[in-house]
Number of protein chains: 2
Amino acid sequence: MKSDKISEAVVRRLPVYLRFLNDLNRREIATVSSQELGQRLDLNPAQIRKDLAYFGDFGRKGIGYDVPYLIEKIRHILKLDQPINVALVGAGNLGHALSNYNAYLKDTMKITAVFDSYQPKVGTKINTLTVQPMDELANTVREQGIRIGIITVPDQEAQNVADILIESGIEAILNFAPVILKTPSEVRVHAADFTTDLQSLAYYLHEGKEEEVDGQ
Amino acid sequence: MKSDKISEAVVRRLPVYLRFLNDLNRREIATVSSQELGQRLDLNPAQIRKDLAYFGDFGRKGIGYDVPYLIEKIRHILKLDQPINVALVGAGNLGHALSNYNAYLKDTMKITAVFDSYQPKVGTKINTLTVQPMDELANTVREQGIRIGIITVPDQEAQNVADILIESGIEAILNFAPVILKTPSEVRVHAADFTTDLQSLAYYLHEGKEEEVDGQ
DNA sequence: TAGATTGTTAATCGATTAACAATC
DNA sequence: TAGATTGTTAATCGATTAACAATC
């Protein structure tokens, strides 16, 4: 196959494939089949083959997929084969925690700037980065070619920060604040709010004190 | 309607509804229609009505939904109308950040214990909680009736921590480590790994240096 | 009564899975 | 050649949306 419009579900699985492939690569395993991948990632092998086939013929019949080659291909599809700079807005505890993940992101994606509107925080160090005031955001985004913004500010400030990021020309946002952001459709937004995650988990708890109609 | 088996997509929307309803309630807005909800949450009104109808007839034709009543109902569906204690494993930066969200979780869900395997960290305070050693986990989980575990340890330790949590009788896990956990099917696991989130975002960046076949 | 909005059925759309010819 | 595994089509399954009678 080749292109068509790719669904978000497919795109979200690619980083998961990549992560496991990197793991195989570290262990110097040269080849992997869709069946092995499916087993480890808890996915249907046909789904994995189909996902990959959207982007090209990466496998070899009878053999499977060459690990380093597939890594290269997925990195290219995800645009991780070019430097992607990321700005972090909100230098609180969560922002601080995320800034430590630069090592994890390795590849070419990197948090290169941190901003906060709280005056006393400006100028302090967060790992190797110095917290900048919000009014430097637009300039820094332009200078460093920053393309993705991470929002880790309190919920009341999140929309305002999103507006500023978009105004500065950012292309995508990862939003940790528990609000739905209003954004133009060209700007991709992913919600990363752990409180809704946790609340939806509660649904799956076995029945507690309250009696309920249906078990699971 | 009433019951049937509810899809995960539906369950994941419920906390989003709840969050917005709480907001309306704070602003003392007494009634809301599926259309208004849909507008604010970027969802189809029919989908919202259908989601809610799985659990009961909560609305009034011609009127809409009573905000406090619907809040009560959704809280009940999500089991947030009973105390749910949560354990946090991993007292690093991320764990520290999450422990601040107790206020956000308000309701009845609460992080009540923090564990870490790193000896020097044991005994230190994280907000109001004292970091406990891993070998106290099973006991504390039992004593406090903890039902959900949050994993914020490095990826190599995550599976081991998951095993310990499950062994102690935990019912659900929110996993921040970038690995796929092997768990029995009765234990619900949600992945909250922000690195895969960020990598999938990169896919949606406008074309960069590399030429590409299809724009967006 | 006229207007609004639900709950629900039917239609549509999209995603997952099964099956298999091609081929290494 | 026999066994393995891909890429892809067709079948299935599930989720979203449209439409509308019921009714406030």
Side-chain angles (χ1 to χ4, degrees), chain A residues 1-14 16-17 20-21 24 29-74 77 180 200 203 216, chain B residues 1-14 16-17 20-21 24 29-74 77 180 200 203 216:
Chain A
M1 203 177 266
K2 231 341 174 166
S3 56
D4 271 298
K5 48 244 80 103
I6 308 298
S7 85
E8 182 173 341
V10 174
V11 174
R12 282 189 171 275
R13 282 191 291 268
L14 293 178
V16 179
Y17 299 157
F20 183 61
L21 289 164
L24 290 178
I29 294 166
T31 300
V32 69
S33 68
S34 60
Q35 191 170 130
E36 288 169 73
L37 274 165
Q39 218 142 44
R40 291 309 225 79
L41 302 179
D42 231 344
L43 296 171
N44 184 301
Q47 181 169 67
I48 293 174
R49 293 200 299 279
K50 199 159 202 283
D51 283 356
L52 296 174
Y54 282 117
F55 302 98
D57 291 3
F58 301 146
R60 291 221 290 160
K61 299 184 189 190
I63 309 286
Y65 299 90
D66 181 81
V67 172
Y69 180 71
L70 190 53
I71 287 175
E72 187 191 314
K73 286 304 182 183
I74 296 181
I77 294 161
I180 306 285
S200 67
Y203 176 83
Q216 40 230 86
Chain B
M1 202 179 264
K2 228 350 174 163
S3 52
D4 271 299
K5 49 243 77 100
I6 307 297
S7 85
E8 181 173 341
V10 174
V11 174
R12 283 189 171 274
R13 282 190 292 269
L14 294 178
V16 179
Y17 300 157
F20 183 63
L21 289 164
L24 290 178
I29 294 166
T31 300
V32 69
S33 68
S34 61
Q35 193 170 129
E36 290 168 71
L37 275 165
Q39 220 143 44
R40 292 309 224 79
L41 303 178
D42 231 344
L43 295 170
N44 184 300
Q47 182 170 65
I48 294 174
R49 293 200 298 279
K50 201 160 199 286
D51 283 356
L52 297 174
Y54 282 117
F55 302 99
D57 293 0
F58 301 148
R60 289 219 292 160
K61 298 183 188 187
I63 310 285
Y65 298 91
D66 181 82
V67 171
Y69 180 70
L70 190 53
I71 287 175
E72 187 190 313
K73 286 304 181 182
I74 296 181
I77 294 162
I180 306 284
S200 67
Y203 176 83
Q216 43 228 85

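The chains referred to below are lettered A, B, ... by the order of the sequence lines, with proteins before strands, and numbering in each begins at 1.
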Review point. Partners of Glu8(B) by side chain to side chain donor-acceptor pair (under 3.5 Å), sequence neighbours excluded?
Key: Arg12(B), Arg188(B)
Revision key, fill the gap. Contacts of Glu36(B) meeting side chain to side chain donor-acceptor pair (under 3.5 Å) (sequence neighbours excluded), chain-then-number -> Ser33(B)
So how far is it from [X] [atom1] to [Y] [atom2], rounded to the nearest 0.5 Å?
X        : Y         : atom1 : atom2 : value
Leu14(B) : Tyr203(A) : CG    : OH    : 8.0 Å
Glu72(B) : Leu21(B)  : CD    : CG    : 12.5 Å
Arg40(B) : Phe20(B)  : CZ    : CZ    : 4.5 Å
Ile6(A)  : Ile77(A)  : CD1   : CD1   : 8.5 Å

Any protein N or O atoms within reach of nucleotides 4-6 of chain D? Criterion: under 3.5 Å, listing atom names and distances.
unit_1	atom_1	unit_2	atom_2	d
dT5(D)	O4'	Gly62(A)	N	3.2
dT5(D)	O2	Gly62(A)	N	3.1
dT6(D)	OP1	Ser34(A)	N	2.7
dT6(D)	OP2	Ser34(A)	OG	2.6

**Study point:** Residues that Arg13(A) engages under salt bridge (charged side-chain N to carboxylate O under 4.0 Å, His left out), provided they are two or more places apart
**Key:** Asp51(A)
Tell me the interatomic distance from [X], atom [atom1], to [N], atom [atom2], rounded to whole angstroms.
X        : N       : atom1 : atom2 : result
Lys50(B) : dC20(D) : NZ    : P     : 17 Å
Gln47(A) : dA19(C) : CD    : P     : 17 Å
Lys5(A)  : dA15(C) : NZ    : C1'   : 14 Å
Ile48(A) : dG7(D)  : CD1   : P     : 12 Å
Glu8(B)  : dT16(D) : CD    : P     : 12 Å

Check your understanding: When Watson-Crick pairs (N1 to N3 and N6-O4 or O6-N4) and G-U wobble pairs (N1-O2 and O6-N3) count only below 3.5 Å on both distances, what is the dot-bracket string of DNA chain C, with | for other-strand pairs?
Key -> ..||||||||||||||||||||||
Exercise for review: Verify the contact: side-chain N or O of Arg13(B) to OP1 or OP2 of dA15(D), cut-off strictly under 4.0 Å; return yes or no.
Suggested key: no
Check your understanding: For DNA chain C, which residues in residues 37-45 of chain A have a heavy atom at a distance below 4.0 Å?
Key -> Asn44(A)
Review point. Which residues pass the side chain to side chain contact (heavy atoms under 4.5 Å, CB included) test with Ala46(A), sequence neighbours left out?
Key: Asn44(A), Arg49(A)
Point to revise | Nearest-neighbour nucleotide for the Ala53(B) side chain, dG7(C), dT17(D), dA18(C) considered | key: dG7(C)
Check your understanding: What's the shortest heavy-atom distance between Gln47(A) and Tyr17(A), and which atoms?
Key -> O-OH, 4.4 Å
Exercise for review: Compare all side-chain heavy atoms of Phe55(B) with those of Val10(B) and state whether any distance is below 4.5 angstrom.
Suggested key: yes
Going by atom type alone, with no hydrogens or angles, which donor-acceptor pairs under 3.5 Å involve a side-chain atom of residues 59-71 of chain A and a protein atom two or more places apart or on another chain?
unit_1	atom_1	unit_2	atom_2	d
Asp66(A)	OD2	Tyr69(A)	N	3.0

